[in-house]
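Okay, structure first, notes after.
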Amino acid sequence: MQLQAPKGMKDVTPKDSYKWQAVESLAREICASYGYYETRTPVLEHTELFLRGVGDTTDIVQKEMYTFTDKGERSVTLKPEGTAGVVRMFLENRLFSEAQPTKMYYLYCPVFRYDKPQAGRFREHHQFGVEVFGAPRASADAEVIALACTLVGRLGVEKLSVNINSIGCPECRTTYNDALKAYLRENYNSLCETCKTRFEKNPIRILDCKEERCQGIVADAPKVLDFLCEDCAAHFEELKSCLDALDIAYKVDPMIVRGLDYYTKTVFEIISTEGAYKGTVCGGGRYDNLISELGGPEMCAVGFGMGMERLLLVAESFRQIPAPRPLDVYVAAVGEAARAQGLRFAAQLRKAGVSAEFDHVGRSFKAQFKYADKLGARRVAILGEDELLRGVVKLKDMAGGGERELPLEDAAGIINVIAVNETF
RNA sequence: GUGGGUGUAGUUCAGUUGGUUAGAAUGCCAGAUUGUGGCUCUGGAGGUCGUGGGUUCGAGACCCACCACUCACCCCA
């Protein structure tokens, strides 16, 4: 028995979950303000969906998928990204027949990729993502970028860079690929081995190569942006003016090439430049052909995926996420009769919306106080033999150290004392 | 997939050229008023020294293999 999570997978312990919840509730709040609704789709999909959706020449599909055969001999795959499943959901539920656009988000969506873990890279990670279907105008692209920036900004992350690019539609990309290959042909022998194979298969990926020699060659290569057709160029201009209108600072980076095959026109990345993780925190773009390629109607789409682990890493290096006060009242009771009364009292408090804890260990008064202190309880309600006889409960304020005695019957008065944020 | 680093109490780490019973801090539990937290003091529990081989009279230390973690490359969020 190996008492260890699978390689590259992490637990969220009860002590840390508040950080995730903080990010999640912020994301929900922001999405609601932008008019996005949550969608939830299975962790597993038929393998075919990703082969066709993500693209079978990508690294993700070729070597990183958790694919297996289930007991019914079906090939299924743990989601390697969020978009394909949402498109499937959209088509299966025929949401395309509703009024468009359809604006959706997903949160804490588990994503699996079989690669070697390192800082900010896991075999299972979780994405917050957003998809807008049926919104052709670039203002949708800008809205999605703005939403991502709002979340990251609200978390206090200051050092980041919004990089945008356009990789055009299939038409302009063919023209561009020809031009790129013509340019690269002269330097073909100087390219790294991987790039040599990319040359025929997917030359645009060479732009993304981190090898120094390839970067040198690629620096003066023709830019996709110069080959955009009229429509794509207009779309890119519209995006830029929308971002300007929203006061979002961005950088045009003609070298952005995303790792998923479905992108058209807009691609973007939000990159953290400082903190515990440096690199892409959010990546997305437009994918106008994916819905039809998966068997749906001609319908455009734009969206992004954001790595929540990365987001958290970065956010925490700028600002501590405040831990919520865990407990209003610790009910300390010793003696069987008092314990019975205390158990009831704790239940009454909870019913009134006051969080309460009760001793289940059988500790001494002293130990119960110590424990209450450790929990960060604001008040301790004391119920011992003495109080029981007199029908009262003592209420101690842990910060001030003072005590008040209240009749046990007067629940409302007790709640009031507890609820008021005073020190005594 | 390629390459580096690291594995010793729950946690962070000491552990001499290989030599008796493997330590500290912190955390946990208890006690210092038989009903009161934080501070202090005292005590206690807690370790197959990552696993398996090997060298040796003797291995936590040296060698080999494996495993895990970690970092970088690749790729990505």
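From a predicted model like this one, the values you see are computed outputs, not experimental measurements. Naming: A, B, ... by sequence-line order, numbering from 1 per chain.
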If the threshold is 4.0 Å, N to carboxylate O, is there a salt bridge linking [X] and [Y]?
{"X": "A:Asp141", "Y": "A:Arg286", "result": "yes"}
{"X": "A:Lys251", "Y": "A:Asp253", "result": "no"}
{"X": "A:Lys19", "Y": "A:Asp16", "result": "yes"}

Going by the ring pair (Phe, Tyr, Trp, His ring centres under 6.0 Å) test, which pairs reach into residues 22-46 of chain A, not counting sequence neighbours? none

Less than 4.5 Å apart, side chain to side chain, heavy atoms only: is that true for [X] and [Y]?
{"X": "A:Leu147", "Y": "A:Glu143", "result": "no"}
{"X": "A:Glu38", "Y": "A:Met104", "result": "no"}
{"X": "A:Phe227", "Y": "A:Arg173", "result": "no"}
{"X": "A:Leu44", "Y": "A:Phe68", "result": "yes"}
{"X": "A:Ser166", "Y": "A:Thr266", "result": "no"}

Do the side chain of [X] and the main chain of [Y] share a donor and acceptor less than 3.5 angstrom apart?
{"X": "A:Arg378", "Y": "A:Ile418", "value": "yes"}
{"X": "A:Asn165", "Y": "A:Val267", "value": "no"}
{"X": "A:Glu81", "Y": "A:Ala84", "value": "yes"}

Each nucleotide of nucleotides 30-47 of chain B classed B (base within 4.0 Å of a protein heavy atom), S (only sugar-phosphate) or -, in 5' to 3' order, makes S----BBBB---------

Do you know which two heavy atoms are closest between A:Val144 and A:Phe268, and how far apart they sit? CG1-CZ, 3.9 Å

Taking atom [atom1] in both [N] and [M], compute the distance separating them and give it to the nearest angstrom.
{"N": "B:rA45", "M": "B:rG7", "atom1": "C1'", "value": "25 Å"}
{"N": "B:rG23", "M": "B:rA9", "atom1": "P", "value": "14 Å"}
{"N": "B:rG47", "M": "B:rA72", "atom1": "P", "value": "35 Å"}
{"N": "B:rU56", "M": "B:rG10", "atom1": "P", "value": "34 Å"}
{"N": "B:rA24", "M": "B:rG15", "atom1": "P", "value": "15 Å"}
{"N": "B:rC28", "M": "B:rU70", "atom1": "C1'", "value": "28 Å"}
{"N": "B:rA14", "M": "B:rU26", "atom1": "C1'", "value": "14 Å"}
{"N": "B:rU51", "M": "B:rA68", "atom1": "P", "value": "15 Å"}

Base, sugar-phosphate, or nothing for [X], non-hydrogen atoms under 4.0 angstrom?
{"X": "A:Ala119", "value": "sugar-phosphate"}
{"X": "A:Gly129", "value": "nothing"}
{"X": "A:Phe122", "value": "base"}

How would RNA chain B look in dot-bracket form, 5' to 3', counting Watson-Crick and G-U wobble pairs with both distances under 3.5 Å and writing | for bases paired to another strand? (((((((..((((.....[...)))).(((((.......))))).....(((((..]....))))))))))))....

With respect to A:His126, which candidate in A:Tyr106, A:Trp20, A:Phe112 satisfies the ring-ring contact (aromatic ring centres under 6.0 Å, His included) definition? A:Trp20

Please list, by residue number, the residues of [range] whose heavy atoms come closer than 4.0 Å to an atom of RNA chain B; answer none if no residue qualifies.
{"range": "residues 36-51 of chain A", "answer": "none"}
{"range": "residues 143-154 of chain A", "answer": "none"}
{"range": "residues 271-288 of chain A", "answer": "A:Thr280, A:Val281, A:Cys282, A:Gly283"}

[X]: partners by side chain to side chain donor-acceptor pair (under 3.5 Å), with sequence neighbours left out:
{"X": "A:Arg137", "result": "A:Glu238"}
{"X": "A:Tyr277", "result": "A:Arg310"}
{"X": "A:Lys7", "result": "none"}
{"X": "A:Arg404", "result": "A:Glu422"}

Determine the interplanar angle of the A:Phe358 and A:His360 rings, folded into 0 to 90°, and report it as parallel if under 30°, tilted if 30 to 60°, perpendicular if over 60°. perpendicular

Rounded to whole angstroms, how far apart are [atom1] on [X] and [atom2] on [N]?
{"X": "A:Gln118", "N": "B:rC75", "atom1": "CD", "atom2": "P", "result": "12 Å"}
{"X": "A:Leu375", "N": "B:rC28", "atom1": "CG", "atom2": "C1'", "result": "14 Å"}
{"X": "A:Leu312", "N": "B:rA77", "atom1": "CG", "atom2": "P", "result": "18 Å"}
{"X": "A:Arg310", "N": "B:rC75", "atom1": "CZ", "atom2": "P", "result": "13 Å"}
{"X": "A:Ile60", "N": "B:rC74", "atom1": "CD1", "atom2": "P", "result": "16 Å"}
{"X": "A:Asn163", "N": "B:rA77", "atom1": "CG", "atom2": "P", "result": "14 Å"}
{"X": "A:Met9", "N": "B:rC69", "atom1": "CE", "atom2": "P", "result": "11 Å"}
{"X": "A:Met255", "N": "B:rC75", "atom1": "CE", "atom2": "P", "result": "14 Å"}

Could you pick out which residue, A:Gly8 or A:Gln127, lies toward the 5' side of RNA chain B when each is mapped onto its nearest nucleotide? A:Gly8

Distances under 3.5 Å only, N/O to N/O: pair up the protein atoms with those of nucleotides 2-4 of chain B.
residue: B:rU2; atom: O4; partner: A:Lys116; partner atom: NZ; Å: 3.0
residue: B:rG3; atom: O6; partner: A:Lys116; partner atom: NZ; Å: 3.2

Could you list the residues that satisfy ring-ring contact (aromatic ring centres under 6.0 Å, His included) with A:Phe133, not counting sequence neighbours? A:Phe90

